[in-house]
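All ligand and atom numbering here is 1-based and tracks the order in the structure.
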Amino acid sequence: MDKRKPLVIGIAGGSGSGKTSVTNRIYNVFKEHSVVVIEQDYYYKDQSHLEFNERLLTNYDHPLAFDTDLLIDHIGKLLDREAIEKPVYDYALHTRSDEKITIEPKDVIILEGILVLEDERLRELMDIKLFVDTDADLRIIRRLMRDINERGRTIDSVIDQYLSVVRPMHNQFIEPTKRYADIIIPEGGHNEVAIDLMVTKIKTILEYGTEL
Ligand code: CTP
């Protein structure tokens, strides 16, 4: 389908909701075909000019924490079938790393992140919009385990950040974007029916185009 516009799928949802597992499930079906994953997290603004302690004060759950202009520019390039240099984000250092990854254009672009449905310009680039809807108790448990095991955090810091920032920002900015979703997926990557429906829909679009 080279001459066709690539298919853009947005996958939003709160922190710890299971966006990554939904993304991986879809990615694994189409990886032989042609799919690329763009993580909104990798587009946090560069903070290398700030001291480490200053970076800890950033609100990472606010739309303004992201370099959304760069993200839109990159999705636009992939839609024009041009390669991009995707930034890489370092969660331990709270800023971009020096590394970049060259991403070649593909038929399916999955854009995943807490606030991918928040910006109207991004929403307009999407053909399918998903919101992964998982109860807050499960999300905080997953986040605790992940941030301690993978992002170098302490229990106290995760709980403090959750109560002071993650939870209020979720209610103010993330949860309201559910209204923009075409499909709301309860329980993320464990929802076999929802994943199957998505995979079938994507296959149909890849074969016959988006106008179906
Ligand atoms: N974040 C952080 N420190 C940073 C940058 C981001 O703690 N320096 C946190 C933000 O608080 C935000 C979260 O990273 O809430 C976004 O990642 P999340 O959605 O939790 O991870 P994913 O793996 O993308 O999603 P899921 O857990 O749904 O699979």
Problem - For ligand 1, the portion of E112 having any non-hydrogen atom under 4.0 Å away - result: side chain

Practice task
Examine S21 against ligand 1 and note whether any of their N/O atoms are separated by less than 3.5 Å.
Solution key: no

Problem - Y42 ring center near Y89 ring center (under 6.0 Å) - result: no

Handout entry: Near-ring test F66/Y43, centroid separation under 6.0 angstrom
Key = no

Handout entry: Protein heavy-atom partner closest to atom 14 (O) of ligand 1 - residue, atom, separation in Å
Key = R151 NH1, 3.1 Å

Practice task
Answer yes or no: is there a donor N or O on one side and an acceptor on the other, between the side chain of K19 and the main chain of G14, under 3.5 Å?
Solution key: yes

Problem - Minimum-distance protein heavy atom relative to atom 25 (O) of ligand 1 - result: K19 NZ, 3.0 Å

Exercise for the section: Answer yes or no: is there an ion pair linking E39 with K86, defined by an N-O contact shorter than 4.0 Å? Expected result: yes

Handout entry: Contact with ligand 1 for G14, non-hydrogen, under 4.0 angstrom
Key = yes

Practice task
Indicate yes or no for a side-chain donor-acceptor contact from E124 to the backbone of R121 under 3.5 Å, with no hydrogens or angles considered.
Solution key: no

Practice task
Heavy-atom distances under 4.0 Å are what count here, so tell me which part of V132 touches ligand 1: side chain, backbone, both or neither.
Solution key: neither

Handout entry: Under-4.0 Å heavy-atom contact with ligand 1, by part of Q161 that carries it
Key = side chain

Practice task
For G18 and ligand 1, answer yes if some heavy atom of the residue is under 4.0 Å from a ligand atom, otherwise no.
Solution key: yes

Handout entry: Nitrogen or oxygen of Y89 less than 3.5 angstrom from that of ligand 1
Key = yes

Fill in the blank from the handout: Logged contact type for R146 with ligand 1, heavy-atom cut-off 4.0 Å, is side chain

Practice task
Would you mind checking if E192 and R25 are paired as a salt bridge, meaning a charged N to carboxylate O distance below 4.0 Å?
Solution key: yes

Handout entry: S15, any N or O under 3.5 Å of ligand 1 N or O
Key = yes

Problem - Flag, side chain of R142 to backbone of I140, donor-acceptor distance under 3.5 Å - result: no

Completion exercise
Closest to atom 11 (O) of ligand 1 among protein heavy atoms sits D61 OD1, 2.5 Å

Exercise for the section: Note the single closest protein heavy atom to atom 29 (O) of ligand 1, along with its residue, its atom name and the distance in Å. Expected result: T20 OG1, 2.7 Å

Handout entry: ligand 1 to G16 polar contact by distance, N or O atoms, under 3.5 Å
Key = yes

Practice task
Specify the protein heavy atom at minimum distance from atom 17 (O) of ligand 1: its residue, its atom name, and the distance to 0.1 Å.
Solution key: D41 OD2, 3.3 Å

Exercise for the section: Report yes or no: does D90 contribute a side-chain atom to a donor-acceptor pair with the main-chain N or O of L93 at less than 3.5 Å? Expected result: yes

Practice task
Measure from the ring center of Y60 to the ring center of H94 and say whether it is less than 6.0 Å.
Solution key: yes

Practice task
Determine whether the side chain, the backbone, both or neither of Q40 has a heavy atom under 4.0 Å from any heavy atom of ligand 1.
Solution key: neither

Practice task
May I ask you to say whether D61 pairs ionically with R167, meaning some side-chain N is under 4.0 Å from a carboxylate O?
Solution key: no

Exercise for the section: Between I114 and ligand 1, find which residue part has any heavy-atom pair under 4.0 Å and reply side chain, backbone, both or neither. Expected result: side chain

Handout entry: ligand 1 contact on E39 by region, counting heavy-atom pairs under 4.0 Å
Key = neither

